[in-house]
Asks: 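Below you'll find the structure I mean.
Quick caveat: nothing in here was measured; it's all calculated off a predicted structure. Because only heavy atoms are used, hydrogens play no part in the values below, and waters and symmetry mates are left out as well, while side chains stay in. Indexing begins at 1, ligand by ligand and atom by atom, following the structure's order.
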Amino acid sequence: MPTLNDIRSTFLGYFEKQGHKVVPSSPLVPRNDPTLMFTNSGMVQFKNLFTGVETRDYKRATTAQKCVRAGGKHNDLDNVGYTARHHTFFEMLGNFSFGDYFKQDAIPFAWELITRELDIPKDRLLVTVYHTDDEAAEIWKKVAGLSDDRIIRIPTNDNFWMMGPTGPCGPCTEIFFDHGDKYWGGPPGSPEEDGDRFVEIWNLVFMQNEQFEDGSMRALDAQSIDTGMGIERVAALLQGTNDNYATDLIRALIEASADETSTDPDGPGKTHHRVIADHLRSTSFLIADGVMPSNDGRGYVLRRIMRRAMRHAHMLGARDPVMYRLVPALVRQMGAAYPELVRAQALIEETLKLEETRFKQTLDRGLKLLDDELTGLGDGAKLPGEAAFKLYDTYGFPLDLTQDALRERGREVETAGFDAAMAEQKAKARAAWSGSGEAADLAIWFDIAETHGATDFLGYDTETAEGQMLALVRDGKAVEALEAGESGWIVLNQTPFYGESGGQVGDTGWLRRLENEGDVAEVTATQKMGGGKVFAHQVTVTSGRFARGEAVALEVDHDRRSAIRANHSATHLLHEALRRALGDHVAQRGSLNAPDRLRFDFSHAKALSPQEIAQVEREVNAFIRQNSPVTTRIMTPDDARAIGAQALFGEKYGDEVRVVSMGALPGSGKGADGQTYSLELCGGTHVAQTGDIGTFALTSETASSAGVRRIEALTGEAAMSELRGRDLVLGEVEGLVKSRGADVVARVAALLDERKALSNEVAQLRRELAMAGGAGQGGGVDVRDVAGVRFVAQVLSGVSGKDLPPLIDEHKGRLGTGVVLLIADADGKAAVAAGVTEDLTGKVSAVDVVKAAVGALGGKGGGGRPDLAQGGAKDISRSDEAIRAAEAVLEG
Ligand code: SER
């Protein structure tokens, strides 16, 4: 009996033999679809190959694609556990031709695979074709020898496959298996077709058209093939059952669930085990693909699935968290085919454990409230919407979880009341916000957040994606479109662009319209708005018109983001290196992670010594060279702190935080395992390996404010050019002072000492020269008698203003009694000083003398004491007039 893993290998192996490339499953979060919540069929990753927008180096491909159908249009969540074939997670096997073979080959391939490779008995098979597709019917007749009553023509859209309202599409043919008359049901197209007897196992789509928004359709240039086989259904029939949950892989998970809860897998808890087995698959694969539980978007769908499984585990009597203990069983079953599951195992376990631990804290009380509410209700009455809302709001019960709980009791929720209570809560939150004094022009962002919910951030895993434009803003107002040349803001349903936060600058890059990739808007900044929920891309439209509702391809500027990443990761290493060098009091006070540099402010009272700086720089570089992987985990803030993660003091964190670890420290470190060098709470983007940082160069260490130091540093290429630049400068200095290395320091110090001695000597000589009659004047000093007062006046050059007071003193000493006026030519300006000997200060004030001289030189002011005053003016050429003006003061 083939196992599910055997069937997958047989399928891929068969098509590989037929010249198909085995392509890995694409992630569950579609990178190339703007509107799809989760990948829900094999063709999603090939969408653009069918329309001809994209080509690859292969024309035939085969995949085992992981798919999730929960939330959004295809939502099977409510039925899972209660039926034989509903899943939130399933695998789709497919073969694809991109303009290569068409139905003439696709049908024989399918027939050979199922009847020869998988040995499914021919007489149990029948097929459907689109009612006008005579060609397909003919091929079936010829290839399979099926009689006409086993080739059923279906006139409805069931046999015309479309991926959505737009996109590639075409007629299809479906292969059905007849499980026999022990099951109720009729063949496809009959009134009993929904029964369990005839089960569709494979859908072959003949891609030949493309559907547009206005309803029109064009014929594709090339005809292609897209097929999808539900592996769980085929496993069921090959294993002699029609219940997917009885197949080997899912059964193993059900048994693990039974073991962990010590219950009977087939007893009264049967449905619970089925729910748990299914939800274990979807939640684990979603977490492995980067989805984290949250209250919005994809994260909320994940949370709803997790909590639904957790309630069912609770009903099995499990007192402690169960889901995370089932992950090893899943990895055993599926890890070989999907290595991402193995890589993410620890993250999956931690995330499930955290969610289940927290949910359990309110689950009992919530279920009790539900019971109390139901007691008073009449037969068949609906649960009031307000009660369901209270369960949601206070106890964390998503609406579908309450509905699931009521289903067992044959009741429903009065959803209108639930919606009204939800709307009222939003209105209250809004009113509270409007009263908080935020600027009115920010209101638009809260409107957008309320209408469209949070933007899904994809940027931890990818730098490119497609998204749908939900809102455009220009000059603070919502607009329908931005035209070429205009600037404004664009909000999309999802984005790989990081919104500025936590010190990390926002991303820049490009948006291109999918309809016409030549239409480009340049993203110049990305900000988080509306309370941090909405990512707003600041754009300038270079060409084309960007309108609401349209889809765009988003591309982050890769080089810039790589540099930002390196700087952010280096900041974490720097933080830890500082703590180890200076002590545990070192705490982050602020940071900037830009593409060209990083800045880190931290608490520390005094400047770092050169040795401390060298030690920090050396340690950061040592961990860069270690090139160990950088990992991210999700925890509660308390758990994160408990294992020693660094958090910003006073910062408010959400219910869950990302903990970024880097650097391996065998044996002696801090952190949960004693092995992690740096552990920090952080929402930013980081390098994959510490080696990606390249190099770290500390460029400055200064005071930022009292008790806070600031370090600036560079990484990667910028650090290299900084170091090279410093080296070049040193080389030039070495050449100039004719020494090398450490000798340069002694040489420069000696030169500086020499310079100081020389300048003292020069000053002394200038003074002596001045006393001897003034530089460039020749002759001695002329002492005149003005109104009975001994008066000396001198115009000096090569003397600065600060040299004047000592000269005045010297003159006064020589005069014994008298008045001195000195005018110095300081770079074309005049510095003026006057001195009056003590005995004369009652008669003449130096201040008046200076003021008069300064006035004559075209200046203003001057001041000091009666015995010594100074001033300045612009025009040295009128010094004779200045001397006369001074004399006039003496003359009275
Ligand atoms: N796209 C088709 C389906 O989902 C066949 O793969 O059924």
Side-chain angles (χ1 to χ4, degrees), residues 7-8 11-12 14-15 18 20-26 28 30 32-33 35-51 59-70 72-76 85-103 105-107 109-111 113-114 127-130 133 136 154 156-177 188 193 198-211 217 220 222-234 244:
I7 298 166
R8 192 190 301 112
F11 187 98
L12 298 176
Y14 173 78
F15 281 105
Q18 309 299 336
H20 292 63
K21 182 172 170 68
V22 183
V23 177
S25 170
S26 64
L28 283 170
N32 66 342
D33 196 292
T35 52
L36 205 53
M37 186 162 240
F38 298 118
T39 301
N40 59 8
S41 81
M43 58 81 66
V44 170
Q45 66 167 316
F46 302 120
K47 188 187 71 173
N48 293 335
L49 293 174
F50 293 121
T51 50
K59 294 193 127 191
R60 297 177 174 201
T62 182
T63 61
Q65 174 68 48
K66 41 191 181 179
C67 299
V68 163
R69 290 191 182 171
K73 239 179 284 163
H74 298 280
N75 188 359
D76 291 341
R85 278 180 295 281
H86 281 101
H87 303 281
T88 55
F89 177 94
F90 60 96
E91 286 178 83
M92 190 182 275
L93 298 172
N95 59 293
F96 306 89
S97 147
F98 313 113
D100 190 26
Y101 62 85
F102 198 45
K103 51 181 106 163
D105 295 304
I107 291 174
F109 281 154
W111 189 250
L113 177 72
I114 49 176
V127 303
T128 59
V129 295
Y130 193 48
D133 195 353
I154 303 282
T156 66
N157 278 349
D158 279 352
N159 275 63
F160 193 93
W161 195 86
M162 309 177 76
M163 74 169 293
T166 61
C169 52
C172 61
T173 180
E174 295 185 324
I175 305 175
F176 283 74
F177 182 79
E193 65 176 1
F198 295 89
V199 173
E200 179 217 331
I201 55 170
W202 201 351
N203 181 16
L204 319 183
V205 182
F206 310 130
M207 289 288 190
Q208 56 186 38
N209 302 99
E210 181 174 7
Q211 163 100 19
M217 221 181 243
L220 288 173
Q223 295 175 320
S224 294
I225 292 293
D226 151 38
T227 85
M229 171 192 273
I231 193 170
E232 294 82 2
R233 295 175 175 206
V234 173
N244 293 1

Asks: Of the side chain and backbone of Thr227, name the one, both, or neither that has a heavy atom under 4.0 Å from an atom of ligand 1.
Replies: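 Under 4.0 Å from ligand 1, Thr227 contributes backbone atoms alone.
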Asks: Could you list which atoms of ligand 1 come closer than 4.0 Å to a heavy atom of Ser41?
Replies: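 Atoms satisfying the 4.0 Å criterion: 1 (N), 4 (O).
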Asks: How are the rings of Phe15 and Trp202 set relative to one another: parallel (under 30°), tilted (30 to 60°) or perpendicular (over 60°)?
Replies: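 Taking Trp202 first and then Phe15, their aromatic rings stand perpendicular (interplane angle over 60°).
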Asks: Using a 4.0 Å cut-off to any heavy atom of Met43, which atoms of ligand 1 qualify?
Replies: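 Near Met43, meaning under 4.0 Å from one of its heavy atoms, ligand 1 has 1 (N).
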Asks: Here's a test for you: under side-chain contact (heavy atoms from CB on, under 4.5 Å), which of Ile114, Asn95, Ile175, Asn203 qualifies with Met229?
Replies: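 Of all the options given, the one that passes is Ile114.
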Asks: Pick one of side chain, backbone, both or neither for how Met92 approaches ligand 1, counting any non-hydrogen atom pair under 4.0 Å.
Replies: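 The part of Met92 near ligand 1 is the side chain, not the backbone.
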Asks: What protein heavy atom lies closest to atom 1 (N) of ligand 1? Include the residue and the distance to one decimal.
Replies: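 Among all protein heavy atoms, the one nearest atom 1 (N) of ligand 1 is Asp226 OD2, 2.8 Å.
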Asks: Could you tell me whether Phe98 and Phe50 have their ring centroids closer than 6.0 angstrom?
Replies: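 Yes; Phe50 has its ring centre under 6.0 Å from that of Phe98.
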Asks: Look only at interatomic distance and state if Gly228 has a nitrogen or oxygen under 3.5 Å from any nitrogen or oxygen of ligand 1.
Replies: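 For ligand 1, there is an N or O atom that lies under 3.5 Å from one belonging to Gly228.
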Asks: Name the closest protein heavy atom to atom 3 (C) of ligand 1, giving the residue it belongs to and the distance to 0.1 Å.
Replies: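 Here the closest protein heavy atom is Trp161 NE1, 3.4 Å.
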Asks: Looking only at protein heavy atoms, identify the closest one to atom 7 (O) of ligand 1 and say how far it is in Å.
Replies: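 Of every protein heavy atom, Asn203 ND2, 3.1 Å lies nearest to atom 7 (O) of ligand 1.
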Asks: Please list every donor-acceptor pair under 3.5 Å in which a side-chain atom of residues 157-172 meets a protein atom from a residue at least two apart or in another chain.
Replies:
| from | atom 1 | to | atom 2 | distance (Å) |
| --- | --- | --- | --- | --- |
| Asn159 | ND2 | Thr128 | OG1 | 2.9 |
| Asn159 | ND2 | Cys172 | O | 3.0 |

Asks: Taking the six-membered ring for Trp and the single ring otherwise, decide whether the centroids of His20 and Tyr101 are under 6.0 Å apart.
Replies: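 Between His20 and Tyr101, the centre distance is under 6.0 Å.
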Asks: Using the test side chain to side chain contact (heavy atoms under 4.5 Å, CB included), find all partners of Glu232 that sit at least two apart in sequence or belong to another chain.
Replies: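 For Glu232, the residues satisfying side chain to side chain contact (heavy atoms under 4.5 Å, CB included) (neighbours in sequence not counted) are Leu4, His87, Phe90, Glu91, Asn244, Ile250, Arg281.
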